[in-house]
Amino acid sequence: MNRTDAPARTSPDIRRGRAETAQEELLYNFWNEELGIMNQLAPFEPGCNDGFVYWWHAHAIDALADGYERTKNAAYLERIDRIIEGVRRLNGGTLLHNYYDDMEWMALALLRVYDAAKREKDRKDAAVLWESIKTAWNGRMGGGMAWKKDQLDYKNTPANAPASILASRLYQRFGDRGDLEWAKRIYEWNKANLVDPETGFVWDGMNRLGDGKIDYDWEYTYGQGVFAGAGIELYRSTGNAAYLEEAIRTAKTAAERFADPDTGLLPDEGEDDCGLFKGILVRYWRELLLLRPELAGIRRLISRNAEAFWTTGRSERGLIARAWTGPVEAKVQLCAQLSGLMLLEMDAALPCADEEEAD
């Protein structure tokens with residue numbers, strides 16, 4: 001990882017205050033009281049919710065869970081419940097979905113809410129989703145989890161790595177060894193088929209167009225984060241250090257590939273779903289730092305991006321730019337807002353970045 005000037009230290013109180021402000025700005029700019037969901041655009045446009053995006057709301061729940069963990073303020077749980085109710089209503093009365101990866105994100109978010117509040121309803125909803133998610137595994141393309149129920153031969157990292165994370169976390173909490181076996185099997189398929197054995201860089205998917213080809217040119221932060229996350233959770237589940245070393249390798253490769261060597265800033269990866277990707281990477285960088293806090297270079301990247309975003313990537317009303325250095329788009333998508341919020345929450349949840357170079 002290239003060395004750049006160390007970011008100025010920002011106190012934990014200031015970082016927590018920034019995260020809380022961003023939570024308030026999310027509600028101010030995006031909350032739709034009538035529908036019980038977040039609007040997809042701010043400023044709001046009539047009809048912007050016609051194509052309701054389920055998986056963005058899974059990350060909204062995840063971000064609100066961050067706020068609850070930080071504050072223990074029950075208002076966060078109340079908002080989570082409203083969103084779950086709103087999603088269920090707009091999704092035909094169920095949390096089940098055509099896209100396996102969307103359900104995986106919802107189950108992961110609900111499991112985090114269960115961890116924080118120990119509510120049985122969240123565990124049960126996550127368990128129902130997991131039973132449906134397991135039907136994604138099939139023998140096409142040599143195994144792996146399908147992306148969606150009506151395209152069972154397209155296999156990608158977004159459907160596999162989060163499923164492995166989910167299975168590991170279920171095992172850690174409830175002790176079903178069958179879940180651990182699922183986590184290992186999914187991870188090994190992902191590693192064998194969609195990870196560069198030389199660098200640990202994670203490719204997006206294979207057979208998207210029915211031609212058996214791997215999308216080598218789809219290079220996103222998202223896939224790096226979730227594959228590293230799967231290794232982290234398998235290490236927590238098994239104690240096998242090889243999983244953690246593979247996660248570290250992918251995390252470092254992601255930092256080298258995506259962070260600007262001069263500024264340390266992560267790129268604008270585009271609109272729509274892409275707006276969420278780097279926030280997901282930062283979430284799993286944080287999980288890695290909980291286990292290996294001596295990875296100071298990665299910690300500094302989080303701090304550097306958070307500082308740049310806070311000073312240049314927000315509008316006066318608290319809307320967040322896709323590029324965390326700005327400018328803020330005229331119409332800000334919910335996915336971009338959530339990505340920036342996750343960055344601030346992860347920065348607030350970690351100790352200050354050390355100024356000494358360490359690896």
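Only heavy atoms go into these numbers, but all of them, side chains included; no hydrogens, no water, no symmetry mates. The residues of the chain are indexed from 1 along the displayed sequence. From a predicted model like this one, the values you see are computed outputs, not experimental measurements.
- Residue-environment remark: NZ (K331) exceeds the threshold of 12 foreign heavy atoms within 6.0 Å.
- There is a side-chain donor-acceptor pair under 3.5 Å between D272 and Q333.
- One distance of note links CG of L289 with CG of L350; it measures 5.5 Å at 0.5 Å rounding.
- Closest non-hydrogen pair, V226 versus T157, comes out as CG2-CG2, 3.9 Å.
- Judged purely by distance below 3.5 Å, without hydrogens or angles, the side chains of T221 and E269 pair a donor atom with an acceptor atom.
- Here CG of L209 is found 5.0 Å from CG of D211. Values are rounded to the nearest 0.5 Å.
- Under the 3.5 Å distance criterion, the side-chain polar atoms of D215 are left unmatched by any main-chain donor or acceptor of W218.
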For R314 and L319: C-alpha separation, side-chain torsions, deciding distance, then whether side chain to side chain contact (heavy atoms under 4.5 Å, CB included) applies.
CA-CA 5 Å; R314 297 168 62 249; L319 291 171; over 6 Å; no
Test F227 against Y187 for ring pair (Phe, Tyr, Trp, His ring centres under 6.0 Å), laying out the working first.
CA-CA 8 Å; F227 183 74; Y187 179 87; 4.8 Å; yes
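- Of the N and O atoms on the side chains of K155 and N138, at least one donor lies less than 3.5 Å from an acceptor on the other residue.
- Nearest heavy-atom pair, R89 versus G36, reported as atom, atom and distance to 0.1 Å: NH2-N, 4.1 Å.
- Under a 4.0 Å N-O distance rule, the pair R16/D13 qualifies as a salt bridge.
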Can you list the steps and then say if S303 with D347 is a side chain to side chain donor-acceptor pair (under 3.5 Å)?
CA-CA 6 Å; S303 178; D347 189 45; 4.5 Å; no
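- By the 4.0 Å N-to-carboxylate-O rule, R70 lies close enough to E345 to be salt-bridged with it.
- Relative ring orientation between W182 and W130 is described as perpendicular, the plane-to-plane angle rising above 60° on a 0-90° scale split at 30° and 60°.
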Go through D115 and R169 one step at a time and tell me if the salt bridge (Lys or Arg N to Asp or Glu O under 4.0 Å) criterion holds.
CA-CA 10 Å; D115 286 346; R169 289 183 177 177; over 6 Å; no
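- Scanning both residues, A58 and A109, for their nearest heavy atoms gives O-CB, 3.4 Å.
- Side chains of S168 and D179: no donor on one and acceptor on the other come within 3.5 Å.
- Here the two rings, on Y76 and Y68, have centers that are 6.0 Å apart or farther.
- Between atom NE2 of residue H59 and atom CG of residue D66 there is a gap of 11.5 Å, rounded to the nearest 0.5 Å.
- Between I298 and A251, the shortest heavy-atom contact is CD1-CB, 4.0 Å.
- R236 places no side-chain N or O within donor-acceptor distance of the main-chain N or O of L291, the cut-off being under 3.5 Å.
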What's the verdict on side chain to side chain contact (heavy atoms under 4.5 Å, CB included) for I165 and Y284, showing C-alpha distance, side-chain angles and the deciding distance?
CA-CA 11 Å; I165 294 170; Y284 289 98; 3.8 Å; yes
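- Judged by distance alone, the side chain of N305 and the main-chain N or O of L301 form a donor-acceptor pair under 3.5 Å.
- R15 places a side-chain N or O within donor-acceptor distance of the main-chain N or O of T10, the cut-off being under 3.5 Å.
- Annotation: cation-pi geometry not satisfied between R119 and Y114 (NZ/CZ under 6.0 angstrom from ring centroid, within 45° of ring axis).
- Checked for salt-bridge contact, R18 and E307 meet the test: a charged N lies under 4.0 Å from a carboxylate O.
- Taking both residues in full, the closest heavy atoms of D122 and L110 are given as CB-O, 3.6 Å, listed atom of the first, atom of the second, then distance.
- Between the side chain of E104 and the backbone N or O of Y99, no donor-acceptor pair lies under 3.5 Å.
- A donor-acceptor pair shorter than 3.5 Å cannot be found between the side chains of T253 and Q224.
- Proximity of a side-chain donor or acceptor of N240 to a complementary backbone N or O of A242 within less than 3.5 Å is detected.
- Residue A247 comes nearest to A228 through the heavy atom pair CB-O, 3.4 Å, listed as atom of the first residue, atom of the second, then distance.
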I would like to know whether F30 and F44 meet side chain to side chain contact (heavy atoms under 4.5 Å, CB included); could you show each step before the answer?
CA-CA 8 Å; F30 288 89; F44 173 76; over 6 Å; no
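- A donor-acceptor pair under 3.5 Å links the side-chain atoms of N29 to the main chain of R317, judged by distance alone.
- Donor-acceptor pairing under 3.5 Å is lacking for the side chains of N193 and W203.
- Under the 3.5 Å distance criterion, with hydrogens and angles disregarded, a donor-acceptor pair is assigned to the side chains of S132 and K149.
- How far CD of Q40 is from SG of C48: 6.0 Å, rounded to the nearest 0.5 Å.
- A cation-pi contact links K278 to W324, judged by a cut-off of 6.0 Å to the six-membered ring centre and 45° from its axis.
- If you take CG on D273 and CG on D102, they are separated by 8.0 Å, rounding to the nearest 0.5 Å.
- Classification of K121 and D81 as a salt-bridged pair holds, one side-chain N sitting under 4.0 Å from a carboxylate O.
- With no hydrogens or angles considered, no side-chain donor-acceptor pair links W285 and E287 at under 3.5 Å.
- Other residues, nucleotides and ligands place no more than 12 heavy atoms under 6.0 Å from the NZ atom of K213.
- Within the 3.5 Å criterion, the main-chain N or O of G17 finds a donor-acceptor partner in the side chain of T21.
- Between the CG atom in D204 and the CG atom in N156 there is a gap of 5.5 Å [rounded to 0.5 Å].
- A salt bridge links E131 to K134: one of the charged nitrogens lies within less than 4.0 Å of a carboxylate oxygen.
- For R123 and E120, the salt-bridge test passes: some basic side-chain N is under 4.0 Å from an acidic carboxylate O.
- Looking only at distances, a side-chain donor or acceptor of H57 sits under 3.5 Å from a matching main-chain atom of M38.
- For the residue pair D101 / W147, a side-chain donor-acceptor distance below 3.5 Å is found, with atom types taken as modelled.
- Between R88 and D125, at least one side-chain N (NZ, or NE/NH1/NH2) sits under 4.0 Å from a carboxylate O, which counts as a salt bridge.
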What verdict does the side chain to side chain contact (heavy atoms under 4.5 Å, CB included) test give for L90 and I37, after you've listed the backbone C-alpha separation in whole Å, the side-chain angles of each residue and the deciding distance to 0.1 Å?
CA-CA 9 Å; L90 291 173; I37 61 166; 3.5 Å; yes
